[in-house]
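Taking it in order: structure first as structure tokens, then the write-up.
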Amino acid sequence: MELYIDDADLKEICRLYELYPIDGVTTNPSILAKTGRNPVQVLKEIRSALGSEAVIFAQVIPTDVSGMVRDAHALVSLLGDRTVVKIPSIPEGFRAIRDLSAEGIRTCGTVVYTPLQAYLAAKSGAAYVAPYINRIDNMGFDGVGMVKKMQDILDLHEYDTKILAASFKNSQQALDLCTYGIKAATCAPSVIDGFVNNAAIDSAVRNFVADFLKVSNGKASVAELIG
Ligand code: E4P
């Protein structure tokens, strides 16, 4: 499963990128607004921090077809080829996805709340579709169950589109979808940290170090003990 950081805080992005096997960063206008800074500048800084190979997802702002296509071109020229352009999965968005896909620009049908939206974005040529698990849960539906149904539809109709599961609130949701074979997930830094946030893990690691120190004459590593 591809794993993305759903945040625009450069410090957090760099911390996670350094430690975890991360594929890139996803943003949306609200995530960028949280930085309180010029969104274009923030996106440029993320690209320069991650290098040209990392995948960055960035979203168009207009809601008409030509405006979406124009923003998509602007984002690709700003951030380079390894950019996936997020397009809201609305009727105008499906057309923009189709036109951009014909040009070879990779898109993600975003703002996905229903399986049939995912179907339409996939059929239009989106490389990814991004369902919002937590927001679906908050509407009184089963976000994880809805994403599984979307995956079943994509498999049944043999679309290459990957699901980029988004809007997680906890690691259990990520576990459920990873187990189901969902191809990509984007999570806030706290949710990614939550994958290994477990007292038993910390205690086991502490005990191994403590046991080594009992017999290593104060040396805190194998390398130090060898000398
Ligand atoms: C990602 O594609 C979405 O924009 C994002 O995950 C939404 O997250 P939220 O529901 O926490 O705002």
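Whatever order the structure lists them in is the order used to number ligands and atoms, beginning at 1.
- Phe57 is linked by a ring pair (Phe, Tyr, Trp, His ring centres under 6.0 Å) to Tyr4, Tyr128, counting only residues two or more places apart in sequence or in another chain.
- Checked against salt bridge (charged side-chain N to carboxylate O under 4.0 Å, His left out), Lys148 has no partners two or more places apart in sequence or in another chain.
- A salt bridge does not link Arg206 with Asp202: none of the charged nitrogens is closer than 4.0 Å to a carboxylate oxygen.
- For Gly125 against Thr107, the heavy-atom pair with the smallest separation is O-OG1, 4.3 Å.
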Exercise answer, ligand 1 polar atom pairs (N/O) under 3.5 angstrom:
unit_1   : atom_1 : unit_2 : atom_2 : d
ligand 1 : 2 (O)  : Lys86  : NZ     : 2.7
ligand 1 : 4 (O)  : Asn28  : ND2    : 2.6
ligand 1 : 4 (O)  : Lys86  : NZ     : 3.3
ligand 1 : 4 (O)  : Tyr132 : OH     : 3.2
ligand 1 : 6 (O)  : Asp6   : OD2    : 2.5
ligand 1 : 6 (O)  : Ser167 : N      : 3.0
ligand 1 : 10 (O) : Arg135 : NE     : 2.7
ligand 1 : 10 (O) : Ser167 : OG     : 2.7
ligand 1 : 12 (O) : Arg135 : NH2    : 2.8

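- Annotation: salt bridge (charged side-chain N to carboxylate O under 4.0 Å, His left out) contacts of Asp211 (sequence neighbours excluded): Lys214.
- Checked for salt-bridge contact, Glu12 and Arg15 meet the test: a charged N lies under 4.0 Å from a carboxylate O.
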